Enquirer: 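Below are the structure tokens for one structure; questions will follow.
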Amino acid sequence: MSFDNIKKYMQNGKLTDLEINYYINKLKKIYQSKKLQRISFILGEDYIDLRYMFEAYPFERIWRIPSKK
């Protein structure tokens, strides 16, 4: 399944397209500066576990921390 080039994965059940669009739009609103690439919905009895991934930047980020001596 794909929505706006976002890959979707379902586990332990199904959600309606309306519910899926709600969660995707909510994530897009929260993380406006990042592009959502993939989202996984893991449905439990009383909860929905969302796992999502953003597109990677085309360069590696390095953070050098000086050590105390």
Side-chain angles (χ1 to χ4, degrees):
M1 279 191 263
S2 185
F3 167 82
D4 197 22
N5 291 328
I6 300 168
K7 294 180 183 174
K8 299 179 295 188
Y9 300 95
M10 294 282 176
Q11 192 174 354
N12 301 333
K14 275 188 158 186
L15 293 174
T16 66
D17 287 341
L18 185 63
E19 291 170 316
I20 292 167
N21 291 338
Y22 169 80
Y23 289 113
I24 288 174
N25 288 328
K26 183 106 174 150
L27 287 170
K28 283 182 172 183
K29 187 176 178 181
I30 293 170
Y31 301 104
Q32 293 177 8
S33 64
K34 297 181 180 182
K35 187 169 181 182
L36 191 61
Q37 182 181 33
R38 181 173 76 194
I39 185 168
S40 297
F41 299 92
I42 303 168
L43 290 89
E45 224 173 278
D46 298 325
Y47 63 90
I48 298 174
D49 185 12
L50 295 180
R51 297 179 186 191
Y52 45 92
M53 178 187 292
F54 298 105
E55 276 190 8
Y57 293 99
F59 59 90
E60 184 177 345
R61 292 176 182 246
I62 299 172
W63 184 20
R64 185 169 292 160
I65 303 169
S67 60
K68 293 185 178 189
K69 294 184 181 185

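Keep in mind it's a predicted model, so treat the numbers as computed, not measured. Values reported hereafter were calculated over all heavy atoms of this structure, with side chains retained and with hydrogens, waters and symmetry mates removed.
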Enquirer: Measure across K34 and F54 and return the closest heavy-atom pair with its distance rounded to 0.1 Å.
Expert: CB-CD2, 3.6 Å

Enquirer: With K26, which residues qualify under side-chain contact (heavy atoms from CB on, under 4.5 Å), at least two apart?
Expert: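 If we apply the side-chain contact (heavy atoms from CB on, under 4.5 Å) test to K26, skipping adjacent residues, the hits are Y22, I30.
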
Enquirer: Look up atom CE in M10 and atom OG in S40, then write down how far apart they are to the nearest 0.5 Å.
Expert: 9.5 Å

Enquirer: First locate atom NZ of K28, then atom CG of N21, and finally report the distance between them rounded to the nearest 0.5 Å.
Expert: 9.0 Å

Enquirer: CD1 of I6 to CG of L36: how many Å apart, nearest 0.5 Å?
Expert: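 I6 CD1 to L36 CG: 4.0 Å, rounded to 0.5 Å.
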
Enquirer: May I ask whether L43 and L27 are part of the same hydrophobic cluster, defined by side-chain heavy atoms of I, L, V, M, F, W, Y residues being less than 4.5 angstrom apart, directly or through others?
Expert: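 Yes; tracing contacts between hydrophobic side chains, which count when under 4.5 Å, links both residues.
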
Enquirer: Test of understanding: with side chain to side chain donor-acceptor pair (under 3.5 Å), list the residues that count as partners of E19, not counting sequence neighbours.
Expert: T16

Enquirer: Looking at NZ of K7 and CZ of R38, how far apart are the two atoms once the value is rounded to the nearest 0.5 Å?
Expert: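 Between K7 NZ and R38 CZ, I get 8.0 Å after rounding to 0.5 Å.
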
Enquirer: Cut-off 3.5 Å, no hydrogens considered: what does the side-chain donor-acceptor table look like for residues 46-53, sequence neighbours left out?
Expert:
from : atom 1 : to  : atom 2 : distance (Å)
D49  : OD2    : R51 : NE     : 3.1
D49  : OD2    : R51 : NH2    : 3.1
Y52  : OH     : Y31 : OH     : 3.2

